[in-house]
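A quick note: this is a predicted structure, and the numbers were derived from the prediction, not measured.
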Amino acid sequence: MTGVLAGFFIVWSLIAVGWVAGRAGVLGPHGRYVLNRATFFIASPALVLVGLLSSDVRDVFSVPMAVAGISGLATGGLLLLAVRLFTRRRGTELVVAAISGSVVNGANMGFPIAAYVLGDISHALPVILFQQAVYNPLYLFVLHQITEKESLGPAGVARSIAANPTIIAGAVGMVLALLRVQVPPVMLEPVQSLADMAIPAMLLAYGLSLYGARPLSKDDGYRGLIAVSSSAKLLVMPLIALGVGLLFGLRGAALYEVVVMAALPTAQNVYVAAARYRAAENLARDTVLITTIGTVLVLLLISGVLGV
């Protein structure tokens with residue numbers, strides 16, 4: 001229990017700093033916009049590259065990564081289907097609703113929770129690798145295609161890739177990790193410095209977005225989707241991870257670890273992506289808020305039921 005609360009204390013402290021900065025106006029009227037773009041175009045790609053370069057190739061194709069991938073994609077797919085069948089939401093709103101309920105906060109929540117609850121930060125690597133190498137580039141590509149209305153032909157695909165540095169960083173990092181290329185430390189140090197900026201910048205930008213926003217204070221048309229996405233993230237995805245883990249033969253501590261990782265809250269980079277493409281920002285922001293609060297109770301429940 002102490003480990004869960006410690007991890008969330010770290011996250012909420014940085015979000016609070018962002019809120020205070022927004023209230024004080026120290027970053028000016030465009031602070032959130034600048035932080036979001038700096039994170040999207042510079043810091044996040046660096047974080048992806050460093051994460052992949054520092055990983056073991058065995059982590060890329062591990063059972064926990066398979067569980068993370070299947071549970072994430074399955075939850076996102078179920079959300080896409082449900083929202084499309086039972087609402088009139090289409091386009092970016094449909095995509096943001098799906099990723100808000102299936103993309104976990106693997107970096108800035110995964111590492112603290114893995115360290116304090118599971119005793120080893122390496123437990124966060126499989127979910128982070130899946131999202132950085134597969135899921136994040138996938139939904140960024142889809143959002144870009146929808147908002148920019150580019151052709152799905154070879155030229156449109158090439159332009160979408162070139163416009164999303166995270167996709168490039170993920171591809172380069174995966175290739176280098178699989179080839180076991182050792183990048184000289186002097187070359188990696190500037191990238192590491194930029195990567196270190198990513199998580200604090202995401203949390204600060206999110207805190208800035210909360211100031212004056214009055215989340216859930218009025219019905220902006222997203223309350224239903226926020227409830228559905230939050231429920232999927234907090235309940236459906238951990239249950240899918242539990243089932244998939246059992247099918248893969250995981251038991252005891254190994255099963256507990258993958259379920260804990262699946263129960264992490266919605267990632268701040270979902271909000272960053274929504275803000276970048278101006279696509280259902282309130283939906284992403286409020287889902288992040290609700291799941292970040294609700295995950296505390298979910299993780300405590302999982303620890304009580306599956307904790308070893």
Straight-line distance of [X] [atom1] to [Y] [atom2], nearest 0.5 Å:
X      : Y      : atom1 : atom2 : result
Leu234 : Leu301 : CG    : CG    : 11.5 Å
Gln268 : Leu203 : CD    : CG    : 4.5 Å
Ser100 : Leu283 : OG    : CG    : 4.5 Å
Leu143 : Ile99  : CG    : CD1   : 5.5 Å
Leu297 : Ile302 : CG    : CD1   : 11.0 Å
Ile15  : Thr292 : CD1   : OG1   : 5.5 Å

Kindly indicate whether the side chain of [X], heavy atoms from C-beta on, has any atom under 4.5 Å from the side chain of [Y].
X      : Y      : result
Gln131 : Val103 : yes
Met65  : Val127 : no
Arg285 : Leu289 : no
Leu140 : Phe40  : yes
Val104 : Met261 : no
Leu47  : Met197 : no
Leu27  : Leu35  : yes
Tyr277 : Thr92  : no

**Message:** Quick check on Arg90: does its CZ atom have over 12 non-hydrogen neighbours (other residues, nucleotides or ligands) under 6.0 Å away?
**Reply:**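 More than 12 within 6.0 Å, yes.
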Kindly list each side-chain donor-acceptor pair under 3.5 angstrom involving residues 69-81, sequence neighbours excluded, with atom names and distances?
{"unit_1": "Ser71", "atom_1": "OG", "unit_2": "Val67", "atom_2": "O", "d": "2.7"}
{"unit_1": "Ser71", "atom_1": "OG", "unit_2": "Ala68", "atom_2": "O", "d": "3.2"}
{"unit_1": "Thr75", "atom_1": "OG1", "unit_2": "Ser71", "atom_2": "O", "d": "2.7"}

Backbone N/O of [Y] and side chain of [X]: donor-acceptor pair under 3.5 Å:
X      : Y      : result
Thr291 : Val288 : yes
Lys233 : Leu264 : yes
Thr266 : Gly101 : no

Minimum-distance pair of heavy atoms, taken over all atoms of [X] and [Y]:
X      : Y      : answer
Thr39  : Ala201 : OG1-CB, 3.3 Å
Tyr139 : Ala273 : CE1-CB, 3.9 Å
Pro200 : Leu14  : CA-CD1, 4.4 Å
Asn36  : Ala275 : ND2-CB, 3.8 Å
Leu49  : Ala169 : CD1-O, 3.9 Å
Ser44  : Ala198 : N-CB, 4.1 Å

**Request:** Can you tell me which residue pairs pass the side chain to side chain donor-acceptor pair (under 3.5 Å) test with a partner in residues 186-198, sequence neighbours excluded?
**Result:**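 Checked against side chain to side chain donor-acceptor pair (under 3.5 Å) - neighbours excluded - the pairs reaching residues 186-198 are Gln192-Asp196.
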**Asked** Going through the distances and angles, do Tyr256 and Ser303 end up as a side-chain hydrogen bond (donor to acceptor under 3.5 Å, both in side chains)?
**Response** CA-CA 8 Å; Tyr256 172 62; Ser303 297; 3.0 Å; yes
Connected via hydrophobic side-chain network under 4.5 Å: [X] and [Y]:
X      : Y      : value
Tyr33  : Phe41  : no
Leu239 : Val228 : no
Leu179 : Leu188 : yes
Tyr211 : Val17  : no
Val259 : Leu250 : yes

**Asked** Would Val272 and Met202 satisfy side-chain contact (heavy atoms from CB on, under 4.5 Å), going step by step from the backbone distance to the final call?
**Response** CA-CA 7 Å; Val272 170; Met202 286 180 188; 4.3 Å; yes
**Message:** So that I can tick it off, tell me whether Glu93 and Arg88 are bridged by a salt bridge, with the cut-off set at under 4.0 angstrom between side-chain N and carboxylate O.
**Reply:**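 Not counted as a salt bridge, because no side-chain N and carboxylate O are separated by less than 4.0 Å.
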**Prompt:** Partners of Glu257 by side-chain hydrogen bond (donor to acceptor under 3.5 Å, both in side chains), sequence neighbours excluded?
**Reply:**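 By the side-chain hydrogen bond (donor to acceptor under 3.5 Å, both in side chains) rule, Glu257 matches His123.
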**Request:** Given side-chain hydrogen bond (donor to acceptor under 3.5 Å, both in side chains), test Tyr271 with Thr287 step by step and report yes or no.
**Result:** CA-CA 9 Å; Tyr271 166 72; Thr287 303; over 6 Å; no
**Derivation of the salt bridge (charged side-chain N to carboxylate O under 4.0 Å, His left out) call for Arg276 and Glu281** = CA-CA 9 Å; Arg276 161 68 180 87; Glu281 292 182 50; over 6 Å; no
